[in-house]
Amino acid sequence: MNLQQAIQKYHLRALVTCTIITSIITQFLMQIGGGPRENEFDLSDAFEPFIDEFIFTGLPPFISSGGVFAPEIYVFQIGFTISGFLILSLVIRLHGKNGVLSFDGSKSRIISAISGTIVGLSLVSIVHFSFIEDPLIHSYFAGAIFSGALVWLGSVHIATQMFEDNAPIFGIEESKLRTYSLGVAILCWLIMPIPLYLMKLQFAALIEWAMMLSLQFGLLSLESILETHTKK
C-alpha cells in the first residue's frame with residue numbers, strides 16, 4: 001500500500017478521530033484550567049433582541065469552550081482546521097470529476113457538494129472567532145457547521161441509496177447506522193434551542209456533544225462506499 005492509498009483508506013477515520021480527539025482534549029484542558037474560565041460572562045448585548053439576558057458563570061462544557069483560552073485554544077485551532085480541510089478533501093473525493101457521487105444532474109448531489117463545502121469552510125473559519133469575544137460570528141459558523149452537516153449527511157445518504165453499503169460497523173449495517181445517526185442528530189438539532197433559551201447551558205452542551213458524535217458515526221458509514229470506488 002503506497003502513501004496515496006493509505007491516505008484514501010484512512011481518510012474518514014482520520015477525519016472522525018481528529019474531530020473527536022480535538023473536542024475531548026480541548027474540553028479536558030478547559031475543565032482543569034480554572035482561572036478566567038470561571039469568571040462571569042455577560043453576552044446579553046451580543047444576542048439582543050433574541051435573548052434578553054445571557055449571563056453565566058464559568059465556561060459551560062460546549063465544544064467551543066475549548067477555543068477561548070490558552071493553551072487549549074491552540075489545540076482547538078489546529079485540530080479543527082485539519083478537520084475542516086479533511087472535510088473539503090472528502091467533498092472533492094465524493095463529488096469531483098471521478099468521485100463516487102460526481103455530478104449527474106441530481107439535486108441530492110448538488111446539495112451535498114454545496115453543504116459539505118460550507119461545513120468545511122465554516123469549520124476552518126470558526127476557530128478564529130471565540131464564542132466569548134465574537135459570539136455572533138461564532139454562532140453563525142456553529143449554526144452553519146451543524147445545520148450544514150445535517151443537510152450534507154442527509155443528501156449523501158439519499159444519493160448513496162443505489163450503492164450496496166450494508167457492511168457492518170459496530171454490528172450495524174452501514175445504511176442503517178447512517179439512518180440512526182441522522183435521526184439522533186436531527187432530534188438534537190430540533191431540541192437544542194430550548195435549553196439555550198432557558199439558559200440550561202449544561203444540558204444544551206450535552207445535546208451538542210450528542211449531535212457531534214452522531215454525525216461522526218454517520219460519516220464512518222460511508223467508508224465502504226469510498227473504498228469500493230477507490231478500488232475501481
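Note that the coordinates shown come from a computational prediction; the quantities given were computed from them, not determined experimentally.
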- Message: Could you go through Ser89 and His11, starting from their C-alpha distance and side-chain angles, then the distance that decides it, and tell me whether this counts as side chain to side chain donor-acceptor pair (under 3.5 Å)?
- Response: CA-CA 9 Å; Ser89 61; His11 188 162; 3.1 Å; yes

- Start with the C-alpha distance between Leu12 and Leu222, add both sets of side-chain angles, then the distance that settles side chain to side chain contact (heavy atoms under 4.5 Å, CB included), and finish with yes or no. CA-CA 8 Å; Leu12 282 173; Leu222 299 171; 3.9 Å; yes

- Query: What's the verdict on side chain to side chain contact (heavy atoms under 4.5 Å, CB included) for Ile55 and Glu40, showing C-alpha distance, side-chain angles and the deciding distance?
  - Reply: CA-CA 7 Å; Ile55 303 172; Glu40 180 178 271; 3.8 Å; yes

- Task: Take Val124 and Phe85 through the test side chain to side chain contact (heavy atoms under 4.5 Å, CB included) and record every step on the way to the result.
- Result: CA-CA 7 Å; Val124 172; Phe85 281 115; 4.3 Å; yes

- Message: side chain to side chain contact (heavy atoms under 4.5 Å, CB included), that's the test. Do Val68 and Leu59 meet it? Break it down for me.
- Response: CA-CA 9 Å; Val68 178; Leu59 288 174; 4.3 Å; yes

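Residues Phe141 and Asp134 are not in side-chain contact: their nearest non-hydrogen atoms beyond the backbone lie 4.5 Å or more apart.
For the residue pair Ser181 / Ser214, no side-chain donor-acceptor distance below 3.5 Å is found, with atom types taken as modelled. Side-chain atoms of Thr179 and His157 form a donor-acceptor pair, as typed in the model, at a separation below 3.5 Å. Counted by atom type alone, Arg37 and Ser65 present zero donor-acceptor pairs between their side chains at under 3.5 Å.
Using modelled atom types, one side-chain atom of Ser44 and one backbone atom of Phe54 make a donor-acceptor pair closer than 3.5 Å. A distance-only check finds a donor-acceptor pair linking the side chain of Glu208 to the backbone of Ile63 [under 3.5 Å]. Judged by distance alone, with hydrogens and angles left aside, the side-chain atoms of Ser147 form no donor-acceptor pair with the main-chain N or O of Ala144 at under 3.5 Å. Judged purely by atom type and a 3.5 angstrom limit, Trp209 uses its side chain to pair as donor or acceptor with the backbone of Pro61. Between the Arg178 side chain and the Gly218 main chain, no donor and acceptor come within less than 3.5 Å of each other. Under a 3.5 Å cut-off, the side chain of Thr22 and the backbone N or O of Thr19 do not form any donor-acceptor pair. A distance-only check finds a donor-acceptor pair linking the side chain of His138 to the backbone of Phe129 [under 3.5 Å]. For the pair His95 (side chain) and Ile110 (backbone), a donor-acceptor distance under 3.5 Å is absent.
Cluster membership check: Phe217 does not share its hydrophobic cluster with Ile21, using side-chain heavy-atom separations under 4.5 Å among Ile, Leu, Val, Met, Phe, Trp and Tyr. Following chains of ILVMFWY side-chain contacts shorter than 4.5 Å, one cannot reach Leu182 starting from Val151, and the two form parts of different hydrophobic clusters.
The number of heavy-atom neighbours closer than 6.0 Å to CZ of Phe56, taken from other residues, nucleotides and ligands shown, is above 12.
The aromatic rings of Phe41 and Phe69 sit tilted, their planes meeting at an angle between 30° and 60°.
Atom CD of Gln77 and atom CD1 of Ile82 lie 12.0 Å apart (nearest 0.5 Å). Between Ile145 atom CD1 and Leu121 atom CG the span is 10.5 Å, to the nearest 0.5 Å. The CE atom of Met211 sits 9.5 Å away from atom CG of Leu190, with the distance rounded to the nearest 0.5 Å. How far CE of Met192 is from CH2 of Trp189: 11.5 Å, rounded to the nearest 0.5 Å. How far CG of Leu220 is from CG of Leu177: 7.5 Å, rounded to the nearest 0.5 Å. His128 contributes atom NE2, which lies 13.0 Å from atom CZ of Phe80 (distance to the nearest 0.5 angstrom).
Residues Leu215 and Ala149 approach most closely at CD1-CB, 3.8 Å, considering heavy atoms. In terms of heavy-atom proximity, Pro60 sits nearest to Leu201 at CB-CB, 3.9 Å.
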